[in-house]
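So the structure is just underneath, and the comments pick up after that.
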Amino acid sequence: MEDLSALQDSIDAIAAQVTKQGSAVRQLKKDGASSEEIADAVSLLKKLKVEAEELRKKQDELDPSKKFNRKTFDELILRKMFVVPSFEIHGGVKGLFDLGPPACALKAAMIDQWRKHFVLTESMLEMECTCLTPAVVLQTSGHVERFTDLMVKDPETGECFRADKLLEDAIDVLLESSPDMPKEEQEDHLRIQRQADAFTPEEIDDLLKNKYNCKAPSGQPYSNAFPFNLMFKTSIGPEGTAVGYLRPETAQGLFVNFRRLLDANSGKMPFAAAQIGLGFRNEIAPRAGLLRVREFCMGEIEHFVNPDDKSHPSFPSVAAKELILFGSDDQLGSGKTKTVSIGEAVKSGLVNNETLGYFMARTQLFMEKIGMDPARMRFRQHLKTEMAHYACDCWDLEIESSYGWVECVGHADRACYDLEVHSKKTNTPMVATQRLDKPMEIEVAKLKFDRKALGKAFRQDQRVVSGALEALAESWTDFEPVATALETEGKTTVDGFEITKDMLTWTKVKKRVNEIKFTPSVIEPSFGMGRILYSLLEHSFYQREGDEQRIVMKFKPAVAPNKCAILPISSGPEVNAVVDEIAAELMESDISTKVDKSGAALGRRYARADELGVPFAITVDFETLKDDTVTLRERDSMVQIRLAKEEITKLIFDIVHGRTSWDEVVKLHRVVQVSEDGEEAAAAGGAATVVESSSRGSFSRPAEKI
């Protein structure tokens with residue numbers, strides 16, 4: 001244990017160095033540093049990553065419990081049709097997957113819990129916006145300029161490739177095939193490789209075609225490099241003139257509907273809007289199963305709040321909740337996480353504000369509710385080099401899986417950015433109003449325009465210009481920089497328009513107001529439902545101790561695809577009639593039920609239900625025909641109780657909805673054990689049992705009837 005503890009300390013320390021060096025590389029690129037400086041920094045980063053990987057391999061060797069049986073897991077997921085490749089018989093398509101019946105039910109139950117936990121509990125305004133988005137919306141949000149990589153094509157087949165990856169691979173091949181290459185020449189090639197993602201299209205064309213003589217699979221030279229946007233582009237309408245995209249996120253639909261949402265909420269602030277739906281990203285190299293795909297389900301919440309007051313009325317209810325936090329200072333320093341209450345994290349300033357902290361805690365509670373392992377979850381704070389310029393604070397909920405720590409939920413304080421850019425583009429006010437308890441005086445600028453000068457300079461845009469100036473004039477603090485520039489330099493720029501001093505005059509005055517207007521800030525929790533689903537599958541998977549062939553998915557009853565299995569001990573018509581009666585009653589109570597009337601041994605049928613994560617199994621036997629009692633088996637403990645048939649539906653309903661627990665149920669009922677091998681088994685607590693046998697199987701029950 002001491003060796004493992006010391007090794008973990010070393011892993012944490014090297015991870016902190018990797019993070020710090022990665023941040024330094026991003027900053028150098030942002031600052032426009034020389035290629036030599038960037039190359040040296042990248043070289044050190046790669047060296048640190050190699051050291052980190054070697055330490056992790058050593059940890060796996062010393063601690064076999066950390067190993068994940070991916071082969072068995074993948075076989076189960078495919079065999080039980082949780083997830084299958086899309087269009088499999090046609091060869092499939094990378095990055096596209098179909099959810100089979102169990103995963104489809106699991107996802108539906110998970111989303112149902114999400115909707116109850118957030119939308120209903122918080123009285124959020126839910127929307128369902130279109131997936132098809134006009135180009136102007138995504139140009140305004142900045143998405144058209146983002147997610148671009150340089151691509152090249154095979155001119156004969158039209159197949160596309162990522163240019164920087166081709167360059168990196170070409171250099172790897174060259175170095176591997178030339179072991180005697182002089183060190184200086186090797187370093188030159190490595191320097192180019194490290195800068196592969198920073199070259200212009202012209203530069204990368206020259207390198208691929210001339211320096212490294214790269215050929216497409218057809219044998220022809222690659223086409224010239226061109227920017228590739230990860231959004232799926234399409235046209236709207238038969239003319240083909242209106243460009244659109246499949247949305248890369250669901251949030252923009254909520255932002256552009258802000259005014260209507262505010263009206264729907266009777267103008268009250270703060271409030272939240274939510275949406276669950278599909279997003280699309282045309283990933284160049286999809287990998288890691290459901291973690292990086294081209295079509296994915298998202299659940300996004302936009303909480304609109306006064307930027308000067310980000311408190312949350314329900315924050316005290318979660319203030320004591322402890323979270324595992326990985327702050328930016330710890331990432332760059334010790335490399336270790338801290339377990340602190342969210343109340344303390346907000347109080348100390350580690351988490352920027354109450355609303356952000358509130359949603360972080362609520363997200364943790366949701367994950368625990370659906371069955372995620374709390375020990376394998378953490379909140380990682382974005383480094384300054386990772387955050388957008390407008391963001392105040394960002395924390396990702398990361399879940400540990402066999403692929404490492406994977407970002408599954410982003411929590412971002414996006415400030416006023418989104419509403420402001422859409423407001424400026426459309427000249428539509430995106431503001432909220434707050435009534436004041438007492439009137440107050442504020443300083444504003446009273447403007448008088450020279451309409452002739454404005455018209456001559458801006459023509460049809462004069463209203464846009466005057467509107468922008470009037471918006472600034474609502475607060476002297478906002479208008480003062482404009483006034484100062486006009487006084488000192490005679491001109492200034494507002495929203496891209498050059499304003500000169502002769503176009504307007506102004507006076508600083510005081511204004512008595514009963515309400516204030518503001519552009520709301522947005523706190524955004526964004527859930528990657530596909531990644532959460534995959535992580536839940538991994539966290540739920542285990543093999544029974546002593547029998548690795550017995551695989552179990554330990555889904556919580558609330559999200560299990562099927563809550564209950566019904567297994568008849570005999571195929572006789574009398575037994576089957578009782579099975580059908582119980583199944584119908586369960587279904588009427590919305591309890592999803594799986595009936596297995598096959599002739600397989602009872603133990604085999606239990607195992608099949610376990611693989612699908614069915615938490616409870618009802619066995620209908622010959623005793624049922626005598627006294628209307630059945631056995632109820634719990635999946636993980638394999639403990640069974642005998643109870644009256646009429647109790648079953650209410651009992652399972654109460655467990656599924658969290659009104660009681662299996663531990664409480666066991667205290668109130670007699671424990672029995674069904675024998676899977678024909679041998680008598682003692683019931684829990686030493687109660688005497690007798691064995692009942694039939695051609696289909698055997699089970700034991702208390703010697704004295706309950």
Side-chain angles (χ1 to χ4, degrees), residues 30-32 134-146 252 255-256 258-259 262 269 304-308 387-392 413-434 436 440-522:
K30 189 180 292 186
D31 294 342
V136 65
V137 175
L138 295 168
Q139 287 167 351
T140 302
S141 67
H143 283 86
V144 173
E145 296 178 11
R146 299 174 191 167
Q252 298 306 315
F255 294 140
V256 298
F258 168 74
R259 291 202 307 166
L262 183 61
M269 288 284 296
F304 300 101
V305 64
N306 188 331
D308 296 326
M387 283 199 294
H389 66 278
Y390 53 79
C392 298
D413 184 338
R414 298 172 64 95
C416 307
Y417 173 79
D418 299 283
L419 295 182
E420 284 181 341
V421 294
H422 286 296
S423 176
K424 289 179 181 177
K425 179 65 177 180
T426 62
N427 196 29
T428 302
M430 296 282 200
V431 295
T433 302
Q434 178 181 329
L436 299 173
M440 63 179 290
E441 284 190 344
I442 60 171
E443 293 181 329
V444 300
K446 187 176 180 180
L447 306 183
K448 185 176 180 180
F449 294 106
D450 185 332
R451 296 291 178 183
K452 187 176 180 180
L454 280 177
K456 184 178 179 181
F458 304 115
R459 299 184 182 278
Q460 69 270 21
D461 289 327
Q462 63 173 305
R463 285 190 177 182
V464 176
V465 175
S466 61
L469 289 167
E470 285 171 343
L472 291 172
E474 290 293 322
S475 167
W476 178 254
T477 303
D478 295 335
F479 187 78
E480 187 173 19
V482 175
T484 302
L486 291 175
E487 288 285 4
T488 57
E489 300 177 17
K491 62 181 181 178
T492 189
T493 301
V494 175
D495 289 353
F497 297 100
E498 185 176 286
I499 311 299
T500 56
K501 190 177 180 181
D502 63 309
M503 294 177 181
L504 74 159
T505 58
W506 62 89
T507 309
K508 181 180 178 182
V509 298
K510 289 186 176 181
K511 180 180 178 182
R512 189 176 181 84
V513 295
N514 295 302
E515 60 183 26
I516 57 172
K517 292 185 177 181
F518 57 89
T519 301
S521 282
V522 177

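Heavy atoms only: backbone and side chains are in, while hydrogens, waters and symmetry mates are out. Being a predicted model, the structure only gives us computed values, none of them experimental.
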*Quick one: do Lys508 and Glu443 make a salt bridge, cutoff under 4.0 Å?*
yes
*Out of Val522, Val137, Val421, which one pairs with Phe255 under the side chain to side chain contact (heavy atoms under 4.5 Å, CB included) rule?*
Val522
*asked:* Restricting to non-hydrogen atoms, name the atom on Thr426 and the atom on Thr428 that form the minimum distance, rounded to 0.1 Å.
replied: OG1-OG1, 3.0 Å
*Between Ala445 and Phe479, which heavy-atom pair has the shortest distance, and what is it?*
CB-CD2, 3.6 Å
*Looking at Lys501 and Glu487, does any basic side-chain N land under 4.0 Å from a carboxylate oxygen?*
yes
*For the residue pair Pro520 and Ala432, what are the closest heavy atoms and their distance?*
CG-CB, 4.0 Å
*Under the side-chain contact (heavy atoms from CB on, under 4.5 Å) rule, what do Met503 and Phe458 come out as? Steps first, then yes or no, please.*
CA-CA 11 Å; Met503 294 177 181; Phe458 304 115; 3.6 Å; yes
_Is there a side-chain contact between Phe518 and Asp308 in this structure, where contact means two heavy atoms from C-beta onward sitting under 4.5 Å apart?_
no
*Would a distance-only check, ignoring hydrogens and angles, find a side-chain to backbone donor-acceptor pair under 3.5 Å from Thr492 to Ile499?*
no
*Provide the closest heavy-atom pair for Val464 versus Phe497 in the form atom of the first, atom of the second, distance.*
CG1-CE1, 4.1 Å
*Do you know which two heavy atoms are closest between Gln462 and Arg451, and how far apart they sit?*
OE1-O, 3.9 Å
_Ser141 side chain to Leu138 backbone, donor-acceptor under 3.5 Å_ = yes
*Determine the minimum heavy-atom distance between Val444 and Glu474, stating which atoms define it.*
CG1-O, 3.2 Å
*Would you check, one step at a time, whether the test side-chain contact (heavy atoms from CB on, under 4.5 Å) holds for Thr505 with Leu447?*
CA-CA 6 Å; Thr505 58; Leu447 306 183; over 6 Å; no
_Backbone N/O of Ala453 and side chain of Asp450: donor-acceptor pair under 3.5 Å_ = yes
*Kindly determine whether Ile442 and Lys510 satisfy side-chain contact (heavy atoms from CB on, under 4.5 Å), including the steps that lead there.*
CA-CA 6 Å; Ile442 60 171; Lys510 289 186 176 181; over 6 Å; no
*Answer whether the closest heavy-atom distance between the side chains of Met269 and Leu262 falls below 4.5 Å.*
yes
